[in-house]
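Scroll down for the structure; my scribbles are underneath it.
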Amino acid sequence: MQIIRVNSVEMKLLFFACLSPNTGNNTTAERIRSHIESAGHVCELRDADEFQSTSEVSELISQSPPFEGALAIHLFRAGRLLIDAKIPFGVIFGGTDINEDVKEERKRVVMEQVLLKARFAVAFTEKMKKRAELFLLSQGSKICVQPQGIQTQAAETFCWLEFLRSAGVSREHMDQLRVFLLICGLRKVKDPLYLAQVFSEWHAQNPQNILVIIGPKIDPSLTIEVEAVVKRTPGVFLAHERSQEELHAAMKRCFALVNCSISEGMSAAILEAMDLELPVVVRNIPGNAAIVRHQVTGLLYASPQEFIRQSERLLSDEDLREQVVKNGKQYVQKHHSPEQERETYQRLVGSLHCA
């Protein structure tokens, strides 16, 4: 990769994010770290959940040689660790912070303090920026809008039938199945069981249609519930999490990508599906509607019953399918360039050194 030196001064940076394996936050953080290091900086990525207090962070920052700047994804879970930091820092909205955490006064106050002290903030969409201006102390001048950059790569060696068997699919003619893939960490905000019952009823009428849920087991109690429901719900399966390259290979074999989250910042899985020319059928929430135009780049639904109606349209209307696939691919190429994302973060990090 070519090194682009936006600022002649190389810095040692501390980067906090929630780093549960194979999650969108982890993937985003690793990608941004790569952008920063390609400019010649040193960027140490740490899991925010490993730290209990700002004093621990202050001690880390002062180690020799000391950190000269910092970044955090998610204003509450990671940004709060930098409130007492004596170095300049920037923050990146994660999604649940501005969509959900602002509803709790205790968390909102902390996020306001973080945003006030931050040198800059990054929102993935204009809607996210406007929501931050509405719910937090107006700091619009320091909020930059930069969509996630998307670059997909499917594993060269991947066994589709083994993937299905590992999810518990056991039947003849598995190559004829129409797989709807729900990629999500097992936590409440992703609502992984939202479609389970209605999809099972649909599967009983059309056995070729199955729903496969895949993602890291983040919430232990919800994971137990999901596993129990899947065992007693025909047509719905739970797959073991895979590497990003294997997941991209699986997506290329599926019929559609599903999202049923209660809230999203910007779903990388949706954008990756578009880039891989996989139709998306996603819940009509602000974060999804910001990147999916109904019947143009994908299909939106507002209830489980509407999900079935939209999916049946996708099954019966080949022209619609081809249209959303083509438009989705073009949208990602135009608006989610990894090169533009790289330039933005390198410029912002360079500003941390300025007085």
Side-chain angles (χ1 to χ4, degrees), residues 11-37 41-63 66-104 106-124 128 132 136 143 146 148 184-190 215-220 222 241 261 263-268 345 348-349 352:
M11 290 183 288
K12 182 182 178 184
L13 298 163
L14 180 59
F15 189 1
F16 286 117
C18 303
L19 300 178
S20 297
N22 299 320
T23 59
N25 265 348
N26 196 329
T27 301
T28 299
E30 289 286 2
R31 190 178 65 250
I32 293 172
R33 175 171 70 168
S34 175
H35 295 334
I36 293 168
E37 292 187 334
H41 304 297
V42 174
C43 185
E44 184 173 320
L45 182 58
R46 301 292 296 266
D47 190 344
D49 291 338
E50 293 180 357
F51 295 84
Q52 303 299 318
S53 67
T54 56
S55 60
E56 290 179 86
V57 174
S58 296
E59 184 177 346
L60 174 63
I61 288 173
S62 63
Q63 70 180 25
F67 287 94
E68 302 161 278
L71 290 172
I73 297 179
H74 199 289
L75 262 69
F76 183 75
R77 292 184 66 183
R80 63 187 176 84
L81 297 173
L82 295 171
I83 285 181
D84 296 330
K86 304 302 182 184
I87 55 175
F89 66 87
V91 291
I92 303 161
F93 290 104
T96 53
D97 46 7
I98 196 61
N99 290 329
E100 301 298 324
D101 290 340
V102 290
K103 300 172 185 177
E104 296 184 37
R106 176 182 64 87
K107 293 182 179 181
R108 186 187 63 77
V109 169
V110 171
M111 289 193 290
E112 283 184 343
Q113 292 177 327
V114 172
L115 191 55
L116 278 170
K117 293 187 175 183
R119 183 72 61 85
F120 64 80
V122 179
F124 295 142
M128 190 182 289
L136 304 176
I143 301 176
Q146 173 56 57
Q148 291 203 58
C184 66
L186 299 187
R187 55 192 180 112
K188 290 182 179 179
V189 73
K190 300 299 183 179
K217 301 174 180 180
I218 298 174
D219 182 330
L222 182 60
E241 57 185 296
S261 298
S263 74
E264 287 280 2
M266 177 173 284
S267 169
Y345 281 104
L348 291 172
V349 164
L352 291 178

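These numbers come from the heavy atoms of this one structure, side chains and all, not from hydrogens, waters or symmetry mates. This is a predicted model, so every value here is computed, not measured.
- A salt bridge links E264 and K190; the closest N-O separation between the charged side-chain nitrogens and carboxylate oxygens is under 4.0 Å.
- Just one residue in the list R106, R80, K107 forms a salt bridge (charged side-chain N to carboxylate O under 4.0 Å, His left out) with D101, and that residue is K107.
- Here D97 does not pair with R77 in a salt bridge; the nearest charged N to carboxylate O distance is not below 4.0 Å.
- In terms of heavy atoms, L82 sits closest to A72 at CD1-CB, 3.9 Å.
- Ring-plane geometry between F16 and F51 is classed as perpendicular, the angle between the planes exceeding 60 degrees on a 0 to 90 degree scale with a lower cut at 30.
- Of all heavy-atom pairs spanning I87 and F67, the tightest one is CG2-O, 3.4 Å.
- Side chains of K117 and F89 form a contact here, defined as non-hydrogen atoms less than 4.5 Å apart.
- Distance NZ/K103 to CD1/I98: 11.0 Å, rounded to 0.5 Å.
- Closest non-hydrogen pair, L14 versus R46, comes out as CD1-CG, 3.8 Å.
- Here CD1 of I61 is found 12.0 Å from CD of E56. Values are rounded to the nearest 0.5 Å.
- Distance check: F15 CZ to D47 CG gives 12.0 Å after rounding to the nearest 0.5 Å.
- Contact record, L13 with A70: CD2-N, 4.1 Å, taken as the closest heavy-atom pair.
- The line from CG of D49 to CG of L81 is 9.0 Å long, rounded to the nearest 0.5 Å.
- A 4.5 Å side-chain heavy-atom check between L348 and L71 finds every atom pair outside the cut-off.
- With rounding to the nearest 0.5 Å, the separation of OG1 in T28 from NE2 in H74 is 12.5 Å.
- Atom OH of Y345 is separated from atom OG of S34 by 13.0 Å, given to the nearest 0.5 angstrom.
- What you find for N26 and L19 is that their closest heavy atoms are ND2-O, 3.2 Å.
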Inset, instruction - Kindly indicate, with the supporting measurements, whether the criterion side-chain contact (heavy atoms from CB on, under 4.5 Å) is fulfilled by R187 and T96. - result: CA-CA 12 Å; R187 55 192 180 112; T96 53; 4.1 Å; yes
Inset, instruction - Kindly indicate, with the supporting measurements, whether the criterion side-chain contact (heavy atoms from CB on, under 4.5 Å) is fulfilled by L352 and F120. - result: CA-CA 9 Å; L352 291 178; F120 64 80; 3.7 Å; yes
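- The backbone N or O of S263 lies less than 3.5 Å from no partner atom in the side chain of E100, so there is not a single donor-acceptor pair.
- Counting heavy atoms from C-beta outward, E68 and H41 have side chains that stay 4.5 Å or more apart.
- Taking each heavy atom of A121 and F93 in turn, the nearest pair found is CB-CE1, 4.1 Å.
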Legend entry - Test log, rule side-chain contact (heavy atoms from CB on, under 4.5 Å), inputs I83 and V114: CA-CA 6 Å; I83 285 181; V114 172; 3.6 Å; yes
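- Using a 4.5 Å heavy-atom cutoff, the side chains of L115 and L75 are in contact.
- Around the CD atom of E59, the shell of radius 6.0 Å holds no more than 12 heavy atoms that belong to other residues, nucleotides or ligands.
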Inset, instruction - Go through the steps for E30 and L45 under the test side-chain contact (heavy atoms from CB on, under 4.5 Å), then give the verdict. - result: CA-CA 8 Å; E30 289 286 2; L45 182 58; 3.8 Å; yes
